[in-house]
Structure formats: C-alpha cells, structure tokens
Amino acid sequence: MTRLRRQFYDRPTLEVARDLLGQRLVRVLDGHRLSGLIVETEAYVGQEDLASHARFGRTPRSEIMFGPPGHAYVYFTYGMHWMLNFVTEVKGYPAAVLIRALQPMEGVEVMRRRRHHPDHILTNGPAKLAQAMNIDKGLNGCDLCAREAVLFVERAPSVPEAEVVRGPRVGLGETREPWLSKPWNFKIPKRR
DNA sequence: GGATCGATCGGCT
DNA sequence: GCCGATCGATCCG
C-alpha cells in the first residue's frame with residue numbers, strides 16, 4: 001500500500017478534502033493496525049474563514065494550521081473530545097481538513113473495546129473516531145509523511161464524482177455568513 | 001427517529 | 001466569563 005505523500009496535502013484545501021474520501025486512514029497502536037476508509041471530511045480555509053480556529057490569527061492552538069502541510073492538527077473541545085485534522089496548503093497559510101467519519105476496516109475489535117458502543121456508531125463522528133483510534137494530544141503536530149509515522153493515509157481507490165455529496169459544514173452555531181453556508185463538507189452517503 | 005439538554009474544561013474576542 | 005468543528009442519555013411520539 002502506498003502512502004499519500006506531502007504533495008497530496010500541499011494543494012487547495014477543498015481538493016484535498018474531496019480527494020481524501022475513500023482513502024484509508026491508518027493508526028498504528030501497540031504495533032497493530034487500526035484503519036478505516038474516510039467517508040466524511042470538512043475544509044477550514046484561511047484566516048478569513050470565521051468557522052476556523054485560525055480566525056484569531058496565530059495563537060498557541062492554531063499555530064499548527066499555519067505550519068507545513070501533511071501534519072496532524074489534533075485539538076480538544078467541549079471539555080472532553082479530541083478532533084483530528086490534516087494541515088493543508090503552503091506553510092504560512094492556515095488551513096486544514098477535519099476527518100469527520102470512517103468506515104471501519106482493520107482493528108475493529110480494538111475499536112469496540114475503546115468505544116463501549118454498538119458497531120454502527122464506532123467511527124461515525126469526529127470525536128468517536130478519535131476515541132476509537134486513541135488519537136489525542138500526543139499526536140498533535142505529528143508528520144503524516146514521516147517514515148516512522150503511527151498515523152498516516154494509504155492510497156485506496158478514488159471515489160467517483162457521482163458518489164460525492166457536498167453540503168454545509170456541521171456544528172458551526174452562530175458563525176456568520178457566508179461562512180456558515182459554504183458547501184465545504186464532503187461525504188459518501190451510506191449505501192443501502 | 002427526532003428534539004432537547006447536560007457534561008466538562010481549554011482557549012480566547 | 002463565555003462558548004465550542006460533540007456526544008450520548010432521555011423524553012417524546
């Protein structure tokens with residue numbers, strides 16, 4: 001399996017978010033592989049994006065978003081949840097893609113033990129997949145493209161355009177327009 | 001299946 | 001001091 005290289009992340013964030021659909025997120029935990037296909041992403045683009053953590057400019061938390069592409073931005077929110085993002089675009093421009101949902105592939109037993117919930121809600125939300133894969137502060141800033149990385153993305157078949165659904169981002173509350181309605185959420189609807 | 005609400009704490013205008 | 005890129009329990013229908 002070939003791993004996505006830095007050039008993949010060093011592109012416009014909307015393209016990266018779109019192209020991450022169907023790719024395989026891998027977390028190496030205690031020597032075991034946990035993985036899942038990425039089925040929902042969301043783009044946060046630039047300092048002007050009032051929904052982005054970069055809206056206040058460079059701060060200790062947002063600093064990673066201003067850094068080079070291909071690194072993880074992991075943050076803590078709501079007093080209890082961790083969220084996984086991938087930094088995109090050129091160093092100095094703050095942007096990232098939030099990984100919102102996975103279709104579990106490898107290590108499902110481990111994920112079940114970590115979640116204590118039914119399989120259908122194992123990894124169908126950003127904080128859920130972080131809990132399932134043991135992603136927290138310790139992975140903030142890690143390089144997804146490093147040889148020794150324990151978190152990275154492997155190339156998988158790309159998703160046909162007909163399967164991609166675009167919509168507004170989730171959970172933005174009182175964020176002002178036009179940012180509230182930007183169709184920067186990308187997903188592959190559940191098959192049935 | 002949908003609406004509502006509490007938990008819980010770090011970051012920040 | 002306020003509020004959040006959420007989750008899960010609970011209450012309803």
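In what follows, chains are A, B, ... by sequence order, proteins preceding strands, each numbered from 1. From a predicted model like this one, the values you see are computed outputs, not experimental measurements.
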Chemist: To the nearest Å, how far apart are A:Leu129 CG and C:dT6 P?
Modeler: 12 Å
Chemist: Which whole-number value in Å describes the distance from A:His81 NE2 to B:dA7 P?
Modeler: 13 Å
Chemist: Mind checking if A:Arg100 touches a base, just sugar-phosphate, or nothing, with heavy atoms under 4.0 Å?
Modeler: sugar-phosphate
Chemist: Using a cut-off of less than 4.0 Å, is there contact between a side-chain N or O of A:Thr59 and OP1 or OP2 of B:dC12?
Modeler: yes
Chemist: Counting any heavy atom closer than 4.0 Å, what does A:Ala127 reach on the DNA or RNA strands: base, sugar-phosphate only, or nothing?
Modeler: sugar-phosphate
Chemist: When you measure from the side chain of A:Lys128, which nucleotide among C:dG8, C:dA5, B:dC9 comes out closest?
Modeler: C:dG8
Chemist: Counting only side-chain heavy atoms from C-beta out, which of C:dA9, B:dT8, B:dT13 sits nearest to A:Phe56?
Modeler: B:dT13
Chemist: Whole angstrom is fine here: how far is it from CG in A:Leu50 over to P in C:dC3?
Modeler: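 These atoms are roughly 16 Å apart.
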Chemist: Pairing check on C:dC11: which nucleotide meets the Watson-Crick or G-U wobble criteria with it, both distances under 3.5 Å?
Modeler: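 When the pairing criteria are applied, B:dG2 turns out to be the nucleotide that pairs with C:dC11.
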Chemist: Between the side-chain atoms of A:Tyr75 and the base atoms of C:dA5, is any donor-acceptor pair under 3.5 Å?
Modeler: yes
Chemist: A:Tyr78 OH to C:dA9 P: how many Å, rounded?
Modeler: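 So the two atoms are 18 Å apart, to the nearest Å.
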Chemist: Charged N to carboxylate O below 4.0 Å: is that the case for A:Asp119 and A:Arg112?
Modeler: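 A:Arg112 and A:Asp119: salt-bridged.
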Chemist: Using a strict 4.0 Å threshold on nitrogen-to-oxygen distance, state whether A:Asp10 and A:Arg5 make a salt bridge.
Modeler: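 A:Arg5 and A:Asp10: not salt-bridged.
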Chemist: Grab the NZ-C1' distance between A:Lys137 and B:dG10 for me, whole Å please.
Modeler: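 The distance from NZ of A:Lys137 to C1' of B:dG10 comes to 9 Å, rounded to the nearest Å.
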Chemist: Is it true that A:Glu177 and A:Lys182 make a salt bridge, defined as a side-chain N closer than 4.0 Å to a carboxylate O?
Modeler: no
Chemist: Nearest whole Å is fine: how far is C:dA5 P from A:Ile99 CD1?
Modeler: 17 Å
Chemist: Do the two ring centres, one from A:His53 and one from A:Tyr44, sit under 6.0 Å apart?
Modeler: no
Chemist: Could you tell me how far apart A:Phe76 (CZ) and C:dA5 (P) are, to the nearest whole angstrom?
Modeler: 13 Å
Chemist: Does the structure show a Watson-Crick or G-U wobble partner for B:dA7, both distances under 3.5 Å? Name it, or say none.
Modeler: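 Because both required distances fall under 3.5 Å, B:dA7 counts as paired with C:dT6.
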Chemist: Please work out if A:Leu98 contacts a base, only the sugar-phosphate, or nothing of the nucleic acid, heavy-atom cut-off 4.0 Å.
Modeler: base
Chemist: Which comes earlier along DNA chain C counting from the 5' end, the contact point of A:Arg115 or that of A:Glu174, where each point is its nearest nucleotide?
Modeler: A:Glu174
Chemist: Please state whether the phosphate of C:dG4, meaning OP1 or OP2, lies under 4.0 angstrom from any side-chain nitrogen or oxygen of A:Arg61.
Modeler: no
Chemist: Expressed as a whole number of angstroms, how long is the span from A:Met83:CE to C:dC3:P?
Modeler: 18 Å
Chemist: Using a 4.0 Å heavy-atom cut-off, does A:Arg169 contact any base of the nucleic acid, only the sugar-phosphate backbone, or nothing at all?
Modeler: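 It contacts nothing in the nucleic acid.
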Chemist: Please identify which of these residues, A:Glu154, A:Gln23, A:Met105, meets the side-chain contact (heavy atoms from CB on, under 4.5 Å) condition with A:Leu37.
Modeler: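 Of A:Glu154, A:Gln23, A:Met105, side-chain contact (heavy atoms from CB on, under 4.5 Å) with A:Leu37 is met by A:Met105 alone.
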Chemist: Going by atom types only, do A:Gln131 and A:Arg115 share a side-chain donor-acceptor pair under 3.5 Å?
Modeler: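 A:Arg115 and A:Gln131 do have a side-chain donor-acceptor pair below 3.5 Å.
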Chemist: Does A:His53 put a side-chain nitrogen or oxygen below 4.0 Å from OP1 or OP2 of C:dA5?
Modeler: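 So the side-chain polar atoms of A:His53 do come within 4.0 Å of the phosphate oxygens OP1 or OP2 of C:dA5, strictly under.
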